[in-house]
Enquirer: 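Got a structure here, written out as structure tokens. Questions coming.
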Amino acid sequence: MSYLSQAELDIYKHPQYAKKIARPTHQFSQENILCGDKITIEIEIKNNHIIDCGYKAEGCVLNIVAAEKLMAQIINQPIDKLDLNPLNWLKSFNFEVPAGRQKCVLLSLNALEGILAN
Amino acid sequence: MLKRTNFPFFEKNPNLVYLDGAATSQKPKFILDEIVAWYTNSNANIGRGLYDLAILAQDRYEAARQTIAVIFKTETHEVIFTKGTTEGINLLANGLDHLLKPGQSIVVSQSEHHSNYLPWLNLAKKHQLILKEIPLKNGLIDLAKAKELIDETTFLVAVNHASNILGQINPIKDLAEITRANNSLLIVDGAQVVAHQSVSPWELGCDAYAFSGHKAYGENGSGVVLIKAELQNKLAPTLFGGEMVKSVHNQAYLFADGPAKFEGGTQNPAAQISLSTALNYLHKHYPDINQYETGLRKLVISELNHPSITIHNPEAELPIVTFSIKNIPAHDIGSYLNEKNIAVRVGFLCSQPLAEKLNPAGVVRVSLGLWNTPEDIKKFGQAIKSLIEIFN
């Protein structure tokens with residue numbers, strides 16, 4: 001199934017988490033120099049939980065769709081329970097990530113990884 | 001003239017619309033036959049054996065060099081075989097390394113492929129040189145700015161004959177007047193041009209001219225850097241090993257003369273012979289090729305006639321059309337076309353500084369070859385129209 005379905009295009013055109021958050025405690029940026037995709041993720045961590053999150057991104061549909069999915073998945077979650085395994089992440093989409101485009105959907109995950117590693 | 005049916009690749013891939021000739025060309029049957037014939041009849045390591053087969057192999061390799069020299073109007077010993085443009089330019093950059101001093105400058109243009117940018121940037125950083133970049137005017141090197149930037153400190157100027165994004169032929173002859181007036185070397189990246197137009201680098205005023213064979217219907221891993229004899233004498237070899245020396249004795253060595261000095265190690269004669277055959281074919285057919293490709297390019301432009309599409313190189317002489325579609329990221333265009341069995345190049349195209357200027361989200365490039373047909377272009381146009389509908 002193509003990732004360019006109506007559902008994914010709706011997410012791309014009307015993102016919910018593409019915003020600055022009020023009290024970010026952490027942020028991290030990632031860039032794919034091959035295509036120009038960029039993302040900066042902000043999160044607020046309190047009591048070991050992500051209580052708010054948002055991002056600023058430039059780039060393709062996959063980059064935005066993946067960022068939206070990640071934000072929806074991590075909000076209100078304890079940080080020690082987050083699954084950052086890239087293979088699990090790639091399998092979690094309801095479409096096949098096109099060959100050569102894995103970096104597009106991994107960009108936001110890598111940014112989150114950057115936050116948690118620092 | 002060659003047409004789609006002369007390319008066996010499309011017997012196996014009949015539904016593929018291949019619009020990425022500027023990345024690499026598909027290979028016609030006579031080239032594939034030649035490669036097979038080499039390994040079936042002629043294979044031996046060149047420059048080493050004293051037996052008939054090795055001597056014949058060497059003769060064929062040198063005949064390929066001679067053919068290329070005739071096509072480009074150079075001396076035979078000015079043809080150095082390489083793996084491609086990148087190796088040719090690196091051979092020059094590394095070979096000139098020992099002549100560079102802090103305070104000198106190197107001048108490139110703002111439309112260089114990374115292969116003609118990074119070797120010079122690396123040298124500039126290593127030797128504290130100033131790297132200057134000539135801006136573009138209407139997609140071409142701005143000669144007035146070049147005149148300001150090139151001065152007595154300029155050791156060399158390295159520019160493309162045509163950018164892989166824009167496909168416009170740069171005014172090399174005019175630029176050569178400026179380099180000559182400042183005693184600077186002129187090195188030209190011809191990777192995009194030789195598949196489409198006849199080139200006489202010495203008549204243009206170049207000191208060296210590099211290109212790849214795989215973009216011009218030859219085998220991958222074939223290529224040439226043409227280097228004027230005077231410049232060759234100043235260049236240090238960069239590949240040390242077999243057959244690039246006359247003698248090695250008591251920890252001393254004497255370099256070989258001519259091209260052998262720069263062709264250390266085992267060469268790929270099948271690839272270079274296929275390149276000379278391809279170039280020979282092109283040389284005889286350039287006017288027809290040009291006419292056919294120009295016609296196809298016009299069709300592409302006409303298929304892209306839509307208010308949301310920007311064509312970045314409307315003036316190109318080469319069969320390259322680079323464009324962006326408003327609000328549709330380049331990578332999504334590429335993936336969508338791939339779903340429709342259409343191959344194009346998207347992103348920064350190994351020329352990030354220029355591509356980013358044209359569109360920070362990357363660009364889409366259609367590049368044509370003799371395997372393409374008007375039907376290919378029609379399929380491409382239909383796919384682009386349906387993509388725009390999906391995003392709207």
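Order of the sequence lines fixes the chain letters, A, B, ..., with proteins taken first and strands second; residue numbering starts at 1 for each chain.
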Enquirer: Side chain, backbone, both or neither: which part of A/Lys13 has a heavy atom under 4.5 Å from chain B?
Expert: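 The side chain, not the backbone.
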Enquirer: Can B/Lys378 and B/Glu303 be counted as an ion pair, charged N to O under 4.0 angstrom?
Expert: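 No.
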Enquirer: In a table with atom names and distances, give each donor-acceptor pair under 3.5 Å that connects a side chain of residues 117-126 of chain B to protein atoms at least two apart or in another chain.
Expert:
residue	atom	partner	partner atom	Å
B/Tyr117	OH	B/Glu133	OE2	2.7
B/Trp120	NE1	B/Asn116	OD1	2.8
B/Lys126	NZ	B/Asp97	OD2	2.7

Enquirer: What class does the angle between the rings of B/Phe323 and B/Phe380 fall in, given that below 30° is parallel, 30 to 60° is tilted and above 60° is perpendicular?
Expert: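 It falls in the perpendicular class, over 60°.
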Enquirer: Taking heavy atoms only and a threshold strictly under 4.5 Å, list by residue number the residues of residues 47-63 of chain A that touch chain B; give 'none' if the list is empty.
Expert: A/Gly59, A/Cys60, A/Val61, A/Leu62
Enquirer: Can a donor-acceptor pair be found between the side chains of B/Glu219 and B/Ser222 at a distance below 3.5 Å?
Expert: no
Enquirer: Aromatic ring centroids of B/Phe7 and B/Phe9 under 6.0 Å?
Expert: no
Enquirer: Flag the pair B/Arg4 and B/Asp376 as a salt bridge only when some basic side-chain nitrogen lies within less than 4.0 angstrom of an acidic carboxylate oxygen.
Expert: yes
Enquirer: State the CD1-CG distance between A/Ile41 and A/Leu109, to the nearest 0.5 angstrom.
Expert: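 One gets 8.0 Å once the value is rounded to the nearest 0.5 Å.
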Enquirer: Side chain, backbone, both or neither: which part of B/Asn338 has an atom under 4.5 Å from a heavy atom of chain A?
Expert: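 Neither part; nothing is under 4.5 Å.
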Enquirer: Non-hydrogen atoms of chain A under 4.5 Å away: do they reach the side chain of B/Ala330, the backbone, both or neither?
Expert: neither
